[in-house]
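First comes the structure, then the notes that go with it.
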Amino acid sequence: MSNIINDKITSYLHSLYKPLNDGLQRLRQEAEEKHIPIILKETESYIYNIVKIKKPQRILEIGTAIGYASIFLATALPEADIITLEVNDNMYRKAVDNVERFGLSDRIQIRLGDAARSLIDLANEIKDVELEGFDLVFIDAAKSYYKEFWEGSVPLCRKGAIILSDNVLLKARTVSDEYITDRRQKTNVRRMRQYIDYVMSLKNADTAILTIGDGIAVSILND
Ligand code: SAH
Ligand code: MG
């Protein structure tokens, strides 16, 4: 199962999709050709909607890849600044190039290194969370470490911040072992289930899990 929902529904949704601009359309195409896992079209449409409601000024992304989602967010939100974290040197360099090409280097800061480490650095740098903290976090890196990313991000968040966690349904493997096709997937699946149980149990956040794209958890931190 490549999609968590019916293939006909997915292709219908894709037929309705409109890229924000030609540059983003080309960047998406390049990522898809190279099998770089950027946000799916239907996930992008949902995120567009939610950021238009929330109007975040400071965004944190965990997992940059070639910078597609960051460039998309910076384009959708001309007032927003973004910090995005990437561990892979090759991805990092491509993202830096892409962000420069789009003329967004002043609003998108890419940090190279394990996100767990960068989150500690950010915690040390941010003195006043209500002034300098994030109002949107997009968790989209190593699928076994979402809990660690969550715990590192929450102290950097303003009140009422939204945390989006992508790919939480892992092509339905999170739902049922019958969709596991390779035993190497097992650790990710087990840890993603633990992550979902964890966020759903939290008193300081309200979370909904949506079956958009590969599944997205939408968490709103309490005021
Ligand atoms: N959010 C991007 C796609 C990210 S793909 C978009 O939608 O355009 C996931 C990325 O997370 C990969 O590039 C991978 O190298 C990175 N990653 C994986 N583990 C990480 C970690 N521990 N710290 C930082 N980045 C990580
Ligand atoms: Mg993703």
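Here the structure is a predicted model, which is why all the values come from computation and not from measurement. We count ligands from 1, going down the list as the structure has it; atoms in each ligand are counted the same way.
- Side-chain contact between Y68 and I39: present, with at least one pair of heavy atoms (C-beta onward) separated by less than 4.5 Å.
- Considering all non-hydrogen atoms of both residues, K55 and L77 come closest at CA-CD2, 4.5 Å.
- If you number the atoms of ligand 1 from 1 as listed, the ones under 4.0 Å from a heavy atom of M91 come out as 13 (O).
- Close approach of ligand 1 to I39 (heavy-atom distance below 4.0 Å) involves ligand atoms 6 (C), 7 (O).
- More than 12 heavy atoms of other residues, nucleotides or ligands sit less than 6.0 Å from atom CD of E151.
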- Item | Test salt bridge (Lys or Arg N to Asp or Glu O under 4.0 Å) applied to R93 and D89, step by step | CA-CA 6 Å; R93 276 183 276 122; D89 193 65; 2.7 Å; yes
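- When only non-hydrogen protein atoms are considered, atom 9 (C) of ligand 1 lies nearest to D140 O, 3.1 Å.
- Selection from G63, A115, P37 by nearest heavy atom to atom 5 (S) of ligand 1 gives P37.
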- Query: For R193 and D177, what are the C-alpha separation, side-chain angles and deciding distance, and is it a salt bridge (Lys or Arg N to Asp or Glu O under 4.0 Å)?
  - Reply: CA-CA 11 Å; R193 287 174 187 158; D177 283 350; 2.9 Å; yes
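- At least one cation-pi condition fails for R191 and Y146: the charged atom is not both under 6.0 angstrom from the six-membered ring centre and inside a 45 degree cone around its axis.
- Within ligand 1, the atoms closer than 4.0 Å to a non-hydrogen atom of Y68 are 8 (O), numbered from 1 in the order shown.
- Atoms of ligand 1 found under 4.0 Å from any heavy atom of A142, numbered from 1 in the order shown, are 18 (C), 19 (N).
- With a 4.0 Å heavy-atom cut-off, ligand 1 is reached by the backbone of T64 but not by any atom from C-beta on.
- Near A69, meaning under 4.0 Å from any of its heavy atoms, are these atoms of ligand 1: 6 (C), 7 (O), 8 (O).
- Under a 3.5 Å cut-off, the side chain of T174 and the backbone N or O of V189 do not form any donor-acceptor pair.
- In this structure, M91 and I66 have side chains that are in contact, with non-hydrogen atoms separated by less than 4.5 Å.
- Among protein heavy atoms, the minimum distance from atom 14 (C) of ligand 1 is reached at E86 OE2, 3.4 Å.
- By the 4.0 Å heavy-atom criterion, G113 is counted among the residues contacting ligand 1.
- Taking a cut-off of 2.8 Å, the protein N, O or S atoms nearer than that to the Mg ion (ligand 2) are D140 OD1, D166 OD2, N167 OD1.
- The pair D114-R111 does not count as a salt bridge, with every side-chain nitrogen at least 4.0 angstrom from each carboxylate oxygen.
- Grouping the Ile, Leu, Val, Met, Phe, Trp and Tyr side chains by contacts below 4.5 angstrom, directly or via other members, places I212 apart from I196.
- Remark: the backbone N or O of E132 is paired with a side-chain donor or acceptor of R58 at under 3.5 angstrom.
- Considering only non-hydrogen atoms, atom 26 (C) of ligand 1 lies nearest to V87 out of D89, V87, D114, I62.
- For ligand 1, the polar-atom distance check against N88 finds no nitrogen or oxygen pair separated by under 3.5 Å.
- With E32 as the fixed residue, the side chain to side chain donor-acceptor pair (under 3.5 Å) test singles out one of K34, H35, R28, Q29: R28.
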